[in-house]
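For reference, the structure is listed below as structure tokens.
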Amino acid sequence: MQCGRQRVIAGFTRLVYSRLLQGLVPLMNILSELKSRFRIVLSELVEDPAELLSMIRPAQDAKFGDYQANIAMPLGKTLGKPPREIAAEIVGKLDLNDICEAAEIAGPGFINLRLKDDWLVERLNRAVGDERLGVATASDPRTYVLDYSSPNVAKPMHVGHIRSTVIGDALCRTLRYLGHRVISDNHLGDWGTQFGMIIYGYKHFVDQSAYEAAPVPELSRLYKLVNQLVDYHNAQSAFPTLENELRARSAAAESLRNQAPTDDKAAEKKKKKELRKLEEKANEARESIASANAKLAVVTSDSQLCETATQHINIATNVLEETAKLHRGDSENRRLWDEFLPKCRDEIQKLYDRIDIEFDFEYGESFYHERLANVVEEFEKDGLAKESEGAICVFLDGFDAPMIIRKKDGAFLYATTDLATVQFRMQEWCPDAILYVVDHRQGEHFEKFFAAAKLCGYPDVELCHVSFGTVLGDDGKPFKTRSGDTIGLEALLDEAVQRAYTVVSQGDDAKPNGPELGKDERRHIADAVGHGAIKYADLSHNRTSDYVFSYDKMLALTGNTATYLQYSYARVNGIFSKGAVDITKLRDGGAAIQVAERAERALALELLRFSDALADVIEDYRPNQLTSYLFQLTKVFFSFYEQCPVLKADEEKTRNSRLLLCDLTARTISQGLNLLGIKVVERM
RNA sequence: GUCCCUGUAGCUCAGUUGGAUAGAGCAUCGGUCUUCUAAACCGGCGGUCGCAGGUUCGAAUCCUGCCAGGGACGCCA
């Protein structure tokens, strides 16, 4: 089993070292700093100020200041005093003189805070000389195991896999940047029925010369073929049941419709509802029949395929038997698995290389195979699982259906592997949290699995299903090709890069002084832009919601896209080259940021909020908090850039200050995109 | 039948765990280029936050019911 490029440990040490270099005074983000001041006052008023402290946040509107504390209103209730009075009391006791102007009390009791310009400038000047842009590392580092990507090696990856991969990778990078210990573990699907299919296909249908020439495409073909045949036979056997169901539903609906109406309004309403449900069910049955028909048609429309299908009537059970033989240690099947796995894995690696994804460990399902029997035994021994209808089940409070950990035929399941995995991870790494970046449809599985994990001896670890929604096409249905096939990841990336090349070329051709990029550079840029666009689209949407996939939107040069941010970065960079500025020299040469114009101040404040944004990402594992921040930062920057001449500033002091603001902006965009796994280019 | 998620501007989406007049982008309309990349900036239009109740100083956010879409529901992963 391939595993372990011990990068974690090295990265961790590096981080600790860089913290030491920062000096003794720990940096803190603005919000934490404010909260710690409020905490002192609030502890006198309530027992646990934590909840109140979460009500201190950036002001919703600039006219209210920079930050606002909404704590006086809820306190009004608990303390039985008018909120404004409480607000005044808190403000009186608060020691914020070094950070803020005098606090203002507004409306029903809002406390509005405005940061002192001196304080802003002092912070910013520290960030200029700091490799980490003033972002502090966690004062209480935790250990996280991140479980993401986890594709089935035998099946081609599709658009759903990239969402897990990209979100997981972004969380991994962000947590690590903030000083946590992170272990990324790719839980590959390398042991399931899909290998039974390939093995069966190989034994009966392989084109040996094709396999020798290009093994992976041939294995894909075999997978697809066997899958089609299995679908065909399943559809055929399901047909009578489906038709019966349709008949029954239709008849029931018909008789309901023919019932004479009564005067009882409630009964009529109930009848109507019943009827609608029946019609819905009938429609579902119709759809199932249509989909079964489609599966049948795939085979019947092809006479050769048809013949193959009749020759392999028991293919579904035989595939399961091949899988079972593999699991039993059958030498032939094991040999084939050993031969196929690395080939399939290499294919996936090509994609990971393309989109810059690495894992620390890769313990796939097969790694846990020998531990599964023991998991079930332990559950039985501890009285947590019992036999029911031939299967071994864990019955959990609050769930109707049990979690089955061994089938009646003796085989183990996904749930069994998950339990073995959590045991292994706890023993191996002792994490504080394990995050599973998996699509939302598996929500109930995770709820049960987490409940079972708590029962079997891990009550304290934070187990979190970082779920995400479906990627949809323009039609609002799961993103597929017109013919209904899932879209391969490689083709998807190719198209994005190709379209990015067009966008980059058009932009370059339209430059006022003529194009300045060669073909190779355009290609290099298109690579960063195309891949960045795909990743950013996944990350900028709230992960829990579905989103509509659109090349045009994700590659747009305006709006909340990676392309716009990459362009902005390149443009800031363009200022330095235009002015022949050696920015490193300026940074180290004692030049300082000053804040005079309103636009300068707005940019300064936004720059200092970077670490707040990162904290928001971690809070609920939402990378879109970072994309929104970067987009906002960029907008504020362009507003500054429009109003404040940089290279043409009147005085050298102003020019240098503004150059440093540009520099911090560029570095923040670059670092932010880097945490999202997206690259910047120096010009575009 | 049970359970879960979603419903916000014409479109695509945010909305920081109950806060001030609900926000962006796209589209559209109008301004700003002899001046650091106009791939930009500034402004306008656009909303019964699915519907109806309830909780309270205050609701897109919490509760109840309904409507619509999606998903999951004992031997797949």
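Every chain is numbered from 1, with letters handed out A, B, ... down the list of sequences.
A close approach under 4.0 Å does occur between a side-chain nitrogen or oxygen of A:N624 and OP1 or OP2 of B:G15. Residue A:S545 places at least one side-chain N or O closer than 4.0 Å to OP1 or OP2 of B:A14. One finds a side-chain N or O of A:S639 lying less than 4.0 angstrom from the OP1 or OP2 phosphate oxygen of B:C42. For the pair A:N542 and B:G15, the criterion of a side-chain N or O lying under 4.0 Å from OP1 or OP2 is met. When the side-chain nitrogen and oxygen atoms of A:R622 are compared with OP1 and OP2 of B:A14, none of them lie within a distance under 4.0 Å. Side-chain N/O atoms of A:T558 include one lying less than 4.0 angstrom from OP1 or OP2 on B:C26.
Where A:L517 and A:P645 each meet RNA chain B at their nearest nucleotide, the meeting point lying more 5' is that of A:P645. With the nearest nucleotide of RNA chain B identified for both A:Q442 and A:A570, A:A570 has the one nearer the 5' end.
Under the 30°/60° scheme for interplanar angles, the aromatic rings of A:H445 and A:F449 are found to lie parallel.
For A:P74, whose side chain is taken as the heavy atoms from C-beta onward, the closest listed nucleotide among B:G19, B:G71, B:C75 is B:G19. Checked against B:A38, B:G25, B:C13, the side chain of A:K635 finds its nearest nucleotide in B:G25. The side chain of A:E444 sits closest to B:A72 out of B:A72, B:C36, B:C42. When distances run from any side-chain atom of A:A401 to the nucleotides B:G19, B:U56, B:C73, the shortest one goes to B:C73. Ranking B:G74, B:G19, B:G15 by closeness to the A:P108 side chain, first place goes to B:G19. Among B:G25, B:G74, B:G19, the nucleotide with an atom closest to any side-chain atom of A:N70 is B:G19. For A:Y567, the side-chain atoms get nearest to B:A39 when compared with the rest of B:A39, B:C73, B:G58. Candidate nucleotides B:U56, B:G25, B:C76 were compared by shortest atom distance to the side chain of A:F631, and B:G25 ranks first. Looking at the side chain of A:K553, the nearest of the listed nucleotides B:G1, B:G19, B:U12 is B:U12. Set against B:C41, B:A14, B:U17, the side chain of A:R57 has B:U17 as its closest nucleotide.
Straight-line distance from the CG atom of A:D409 to the P atom of B:C75: 12 Å, rounded to whole Å. The interatomic distance linking A:E642 (CD) with B:U32 (P) rounds to 13 Å, in whole Å. When rounded to the nearest whole Å, the span between CG of A:D508 and P of B:U37 equals 14 Å. The CG-C1' distance, from A:D439 to B:C4, rounds to 14 Å in whole Å. With rounding to whole Å, A:F610 atom CZ is found 18 Å from B:U16 atom C1'. What separates NZ of A:K477 from C1' of B:G71 is a distance of 15 Å, to the nearest Å. Atom P of nucleotide B:C4 and atom CZ of A:F446 are separated by 19 Å, given to the nearest angstrom. For the pair A:Y564 OH and B:A38 C1', the interatomic distance rounds to 13 Å; values are reported in whole Å.
Pairing for B:U61 is absent, judged as Watson-Crick or G-U wobble with the two contacts each under 3.5 Å. In this structure, B:C13 forms a base pair with B:G23, meeting either the Watson-Crick or the G-U wobble geometry with both donor-acceptor distances under 3.5 Å. When both pairing distances are held under 3.5 Å, B:C49 makes no Watson-Crick or G-U pair with any nucleotide shown. Both distances falling under 3.5 Å, in either a Watson-Crick or a G-U wobble arrangement, place B:A72 opposite B:U2. Of the nucleotides present, none pairs with B:G18 by Watson-Crick or G-U wobble criteria with both distances under 3.5 Å. Using N1 to N3 plus N6-O4 or O6-N4 for Watson-Crick, or N1-O2 and O6-N3 for G-U wobble, each under 3.5 Å, B:C36 pairs with nothing. In this structure, B:G43 forms a base pair with B:C29, meeting either the Watson-Crick or the G-U wobble geometry with both donor-acceptor distances under 3.5 Å. Pairing of B:U55, defined by two Watson-Crick or G-U wobble distances under 3.5 Å, is not identified with any nucleotide.
B:C33: glycosidic angle within 90° of 0, hence syn. Taking 90° from 0 as the syn/anti boundary, the base of B:U28 is oriented anti.
Remark: the separation of the C1' atoms in B:U8 and B:A14 is 10 Å, to the nearest Å. The C1' atoms of B:C67 and B:C26 are separated by 30 Å, rounded to the nearest whole Å. With P as the reference atom, B:A60 and B:G50 are 10 Å apart, rounded to whole Å. Comparing the P positions of B:A9 and B:U61 gives a spacing of 15 Å, expressed to the nearest Å.
Of the candidates A:T174, A:V617, A:L565, A:L630, A:L630 is the only one forming a side-chain contact (heavy atoms from CB on, under 4.5 Å) with A:L676. Each of A:F631, A:F637, A:Y536, A:Y569 was scored for a ring pair (Phe, Tyr, Trp, His ring centres under 6.0 Å) with A:Y564, with one residue passing: A:F631.
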- [ ] Decide yes or no on salt bridge (charged side-chain N to carboxylate O under 4.0 Å, His left out) for A:D508 and A:K511, but give the supporting numbers first.
- [x] CA-CA 5 Å; A:D508 192 39; A:K511 279 178 186 160; 3.0 Å; yes

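Nucleic acid contact class of A:F110 (heavy atoms, under 4.0 Å, all strands): base. Residue-level contact check: A:K277 touches the backbone only, with heavy atoms under 4.0 Å from sugar-phosphate atoms and none from bases.
When the shell of 6.0 Å around CG of A:D509 is examined, it contains more than 12 heavy atoms from other residues, nucleotides or ligands.
Aromatic rings of A:H187 and A:Y368 (six-membered ring for Trp) have centroids within the 6.0 Å cut-off, being under it. Taking the ring centroids of A:Y436 and A:F450, they lie under the 6.0 Å cut-off. Note: A:F110 and A:F64 fail the aromatic proximity criterion, with ring centroids not under 6.0 Å apart.
A cation-pi geometry, defined here as NZ or CZ lying under 6.0 Å from the six-membered ring centre and within 45° of its normal, holds between A:K386 and A:F395.
By the criterion of a centre-to-centre distance under 5.5 Å and near-parallel planes under 30°, the ring of A:Y641 forms a stack with the base of B:C36.
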